[in-house]
Amino acid sequence: MSSVDRKAVIATEQAAVNRAYAYWERSRSANKALTKPRPWNQDCPESSTPFIPDTPPELLNAYDDLGGQNLVVLRVDIKETSRKETFYIGRRSVKNPANGNRVVISWSSPLAIRCRQASASQPGNVLLRRILQCKERRVLDYRDDIDRRSVPLQETERKQSGDSSFSASVLGNFLLEEINRGRGERMRDIVATIERDQLRLVASEYKGVLIIQGGPGTGKTAVGLHRVAWLLDPENKTSIKPSEILVVLPHRGLLDYVSAIPQQLGISDVSIKALDQLWADEAAGSDDELARRVKSDERMAQVLRRALENTVRFHAVDKLPNSALRISHLDRTLRLSHQDVRTVLHQAFNSPGSFKARRAKAIDLLLDRLITPYVTGRGRGRSDSDIRTSLRKNKAFRTLVNRLWPEPSAPQTLRRLYSSRGFLTQSSSGLLTKEERESLFREPHLPLTPEDAVCLDELRYLIDGDVPRRYRHLVIDEAQDLTPMQARALARRCPSRSITVLGDLAQATGPHLYQSWDQIARILASGEKWILGELKTGYRVPREVIDFAAPLAKATAPKVSVPESLRPPVKDSVTTSAVAPWRLLEEAAAKAVALAGSTDDASRSVALVVPDDPEWTEETEQRLKAARSTTPRRTEMVRVLPVSRIKGMEFDHVVVVEPTVIADGGPAGLNQLYVALTRCTQTLTVVHAAPLPRELSSASDIPGMAPACDRRPLPGPPVESSSRASDELCQRLINEVSVDRQDPLHESLRTGLTAHLAQAGLRPEDSPVADIFRRTPDGLVLYEVLGSGGRVYLHMRDGAVRLLEVAETFQEKIHRKFLVLAGEPVEPWAAASIASVFGISVIWKRGDGWAGHDRDLALRE
């Protein structure tokens with residue numbers, strides 16, 4: 001088509017878009033007038049009650065602001081019998097107010113869904129499908145991906161058939177431009193770019209538990225949020241209201257990140273919450289790893305049920321004196337037999353219902369047995385209900401009931417379970433191991449933890465049948481991190497079991513690492529049928545990044561497919577930089593600042609991802625602040641984020657700091673690293689001092705990466721052959737040692753260890769550069785003492801680097817090297833990581849002695 005013709009087409013489409021905006025604005029103004037409160041009538045004060053519009057609440061915001069997005073995204077020509085019809089698809093349904101004819105149909109309507117699911121090889125009744133590239137009201141360009149009017153299908157278009165997507169060679173330029181557009185601080189909707197595999201799941205009519213498995217960049221979160229809009233579209237006749245939907249996100253950072261989507265999709269009144277917000281008011285403490293895993297395990301539901309039911313004191317019946325079974329009431333003495341009480345307790349205990357309902361049944365049955373002879377012998381007088389009411393208030397009767405069947409609260413039951421070893425053993429026998437039981441034991445005054453809050457949710461349901469609020473549909477994002485107990489609590493909030501579940505097993509970082517969706521699906525569906533849908537095509541993450549990170553996914557979730565990225569190859573999408581340990585954070589900050597901004601002067605988001613520890617975050621923030629002060633670039637879009645707070649988010653550029661430390665951060669370390677490496681839409685930069693994890697060693701052929709053999713920590717500053725370099729290193733170490741020795745904790749540790757070694761006859765010495773050293777037949781043993789703050793991995797790592805530097809200053813052979821701490825490392829894995837990465841052992845003060853894996857080697861010849 002000639003350039004003149006193309007301009008003519010754009011002009012035609014621009015006129016249609018102008019018309020759509022004009023009608024939209026008229027409808028928007030009319031809608032606001034409908035919902036404007038009427039003035040208060042002073043002659044009729046009672047008319048001051050709040051105005052309630054006739055317009056349904058779910059439609060009040062139907063013509064609200066578009067959030068900066070364009071109204072129109074597609075033109076479609078269809079053939080209905082012998083008549084051709086042209087219509088436009090957009091973010092809102094727009095009608096001509098004069099005649100009610102539709103000018104724009106909503107992207108989520110059944111007709112729009114059918115047209116977007118058409119393909120070039122199976123177009124159905126679609127004659128033309130024209131993608132419009134708009135910047136709000138202005139039409140910039142267009143592309144016809146289906147055109148059956150007169151031009152034959154191009155061969156490349158014929159390849160678009162298939163259920164998921166088409167090859168990268170025909171990936172739409174508009175989609176690529178959208179992907180390459182700078183990422184701001186908020187997620188954008190995918191109305192203009194949604195692909196067929198995504199749309200198929202957005203518009204799924206399955207009414208039960210639908211699980212959507214998808215790797216990084218496949219659009220899981222967007223699919224879930226757009227499914228909410230589809231469910232609320234009146235044309236889809238689901239009859240679900242916005243207030244009946246709950247969207248659960250994994251953390252509050254993602255909550256803020258997706259906050260613009262409802263506005264862009266024209267929906268309101270949908271509850272969107274971070275997972276921890278569901279129980280936030282009750283959790284102030286923390287658990288160790290084992291306790292956290294036990295409390296969140298599905299077995300804990302059985303332990304809690306037993307704990308509750310063990311409060312019923314069947315054994316106490318036979319010990320009751322006869323006097324306790326006599327109830328004086330008015331002019332009569334009412335009696336129960338031991339057998340009566342036993343029968344009543346067992347009958348009520350084995351009946352269905354909540355604990356509270358069964359207790360109430362036991363009371364009613366006891367009252368039945370008490371008043372039967374009373375009613376039989378009294379003749380005329382008070383009614384049965386009056387007698388029951390009076391007996392319920394009788395002190396002797398209430399004492400009897402509370403003695404046999406107490407009425408505990410959920411917090412009371414939980415605290416008793418944790419603080420009484422006997423009660424804990426009784427409630428968990430055959431369910432938990434001795435070690436697991438011991439992990440739960442604690443003093444009753446300690447604050448509750450996040451896992452305890454979920455247990456309280458379970459107990460309240462067992463006691464009262466209580467559920468905080470019920471919904472008709474749930475959307476659960478990053479559901480691979482749900483614990484079984486959290487899944488039970490969410491399932492109770494949705495009795496219909498209409499749930500959209502989004503996640504990726506390879507990105508699981510919770511206390512339970514699932515190899516399949518079976519357990520979570522079984523809990524959420526409560527034994528009913530569920531289905532699994534997959535998103536296998538990656539749109540966001542560059543192909544080189546996926547290839548680089550794929551070994552981690554295969555190691556952690558071998559049964560899960562790694563997405564196939566449709567992004568064309570881009571040079572330098574992945575780079576790695578091995579640096580000296582003392583330069584690690586400065587280098588990472590400098591690279592992040594350098595990535596801010598771009599050649600087109602667009603604002604580019606940059607995430608500086610660090611291991612999950614506050615000191616890493618604080619230290620990196622300081623380096624970033626220093627780097628910002630030396631550059632004129634716009635760096636407001638650079639954010640320092642711990643690895644635990646980036647799931648579900650995306651950035652133009654990502655800088656990952658020290659992957660090995662992330663990978664060593666517990667059982668889910670490799671999964672967390674996989675998440676960190678796959679957050680970018682443009683480039684990934686890895687900055688490291690320690691060797692990369694072995695799972696990534698096979699990716700050494702990625703452009704820009706150093707060979708695997710070169711990825712190693714540098715032992716110290718590069719000491720040249722000249723004496724000047726050695727002298728400068730020694731002088732720097734001397735200065736640092738003199739500063740350390742001003743720290744009272746450092747000196748207390750150093751002198752204490754010196755005395756211990758001297759008493760053992762090991763002849764400790766010190767020097768201007770070394771805290772302590774001693775000679776052995778095999779060589780020197782060096783000790784680096786860490787004072788205040790030294791128990792945190794970040795400082796331990798700095799100490800290890802300095803000890804390597806100290807070793808370089810000695811001319812003699814070094815046999816062993818030790819870090820000396822004032823107490824056990826804060827991170828349980830820290831000592832092992834120092835030993836693995838640097839070849840340095842860690843010992844620490846414990847009471848009057850010393851501890852550590854190599855303690856004996858440190859304290860003897």
Determine whether a donor-acceptor pair (N or O, by modelled atom type, separation under 3.5 Å) exists between the side chain of [X] and the backbone of [Y].
X	Y	answer
R437	T425	no
N350	H346	yes
H251	L275	no
D288	A291	yes
R227	V202	yes
K647	Q507	yes
N236	T238	no
R313	R403	yes
Y514	L482	yes
S204	L201	no

Scan side-chain atoms only and decide if [X] and [Y] contain a donor-acceptor pair under the 3.5 Å cut-off.
X	Y	result
E435	S439	no
H473	S496	no
S239	R472	yes
T509	N671	no
D452	T449	yes
S427	N310	yes
Q519	E298	yes
S644	D612	yes

More than 12 heavy atoms from other groups under 6.0 Å of [atom1] on [X]:
X	atom1	result
Y461	OH	no
E205	CD	no
Q412	CD	yes
R392	CZ	yes

By salt bridge (Lys or Arg N to Asp or Glu O under 4.0 Å), D233 pairs with (sequence neighbours left out) none
Residues passing the salt bridge (Lys or Arg N to Asp or Glu O under 4.0 Å) test with R497, sequence neighbours excluded, are none
Do [X] and [Y] come within less than 4.5 Å of each other through their side chains, counting heavy atoms only?
X	Y	result
H338	L320	yes
M485	H512	no
Y418	P444	no
L440	L424	yes
L232	I245	yes
I363	R359	yes
N394	I327	yes
I272	V270	yes

How long is the span from the [atom1] atom in [X] to the [atom2] atom in [Y], to the nearest 0.5 Å?
X	Y	atom1	atom2	result
L370	L325	CG	CG	9.5 Å
L366	F397	CG	CZ	5.0 Å
T343	L365	OG1	CG	10.0 Å
W230	L265	CH2	CG	15.0 Å
L225	T500	CG	OG1	10.5 Å
E458	R460	CD	CZ	12.0 Å

So does [X] pair up with [Y], basic N to acidic O under 4.0 Å?
X	Y	value
R488	D457	no
R293	E436	no
R470	E244	no
D276	R252	yes
E824	R791	no
R305	E309	yes

Checklist entry - Going through the checks in order, is the salt bridge (Lys or Arg N to Asp or Glu O under 4.0 Å) test met by K295 and D287? => result CA-CA 9 Å; K295 290 179 181 181; D287 285 310; 2.9 Å; yes
Identify the heavy atoms of [X] and [Y] that sit nearest to each other, and give their distance.
X	Y	result
C455	M300	SG-CG, 3.9 Å
T311	F355	OG1-CZ, 3.4 Å
W844	G823	CB-O, 3.2 Å
I499	C494	CG1-SG, 4.0 Å
L431	R299	O-NH1, 2.9 Å
A668	L513	CB-CD2, 4.0 Å

Should V228 and V475 be marked as a side chain to side chain contact (heavy atoms under 4.5 Å, CB included) after you check the CA-CA gap, both sets of side-chain angles, and the distance that decides it? CA-CA 8 Å; V228 171; V475 176; 3.7 Å; yes
**Prompt:** Is it the case that R416 places NZ or CZ above or below the six-membered ring of F423, under 6.0 angstrom from the centre and within 45 degrees of the axis?
**Reply:** yes
Exercise. Using the side-chain hydrogen bond (donor to acceptor under 3.5 Å, both in side chains) rule, take D504 and Q480 through it: C-alpha gap first, then chi angles, then the decisive distance, then the call.
Key: CA-CA 6 Å; D504 178 15; Q480 74 279 353; over 6 Å; no
Stepwise, does the side-chain hydrogen bond (donor to acceptor under 3.5 Å, both in side chains) test hold for T221 with D477? CA-CA 6 Å; T221 301; D477 195 19; 2.7 Å; yes
Between E438 and R421, is the side chain to side chain contact (heavy atoms under 4.5 Å, CB included) condition met? List the steps. CA-CA 8 Å; E438 195 60 31; R421 282 193 169 90; 2.6 Å; yes
Sorted by chain and number, sequence neighbours left out, side-chain hydrogen bond (donor to acceptor under 3.5 Å, both in side chains) with Q672 holds for none
*asked:* Angle between ring planes, F314 versus F349, binned at 30° and 60°: parallel, tilted or perpendicular?
replied: perpendicular
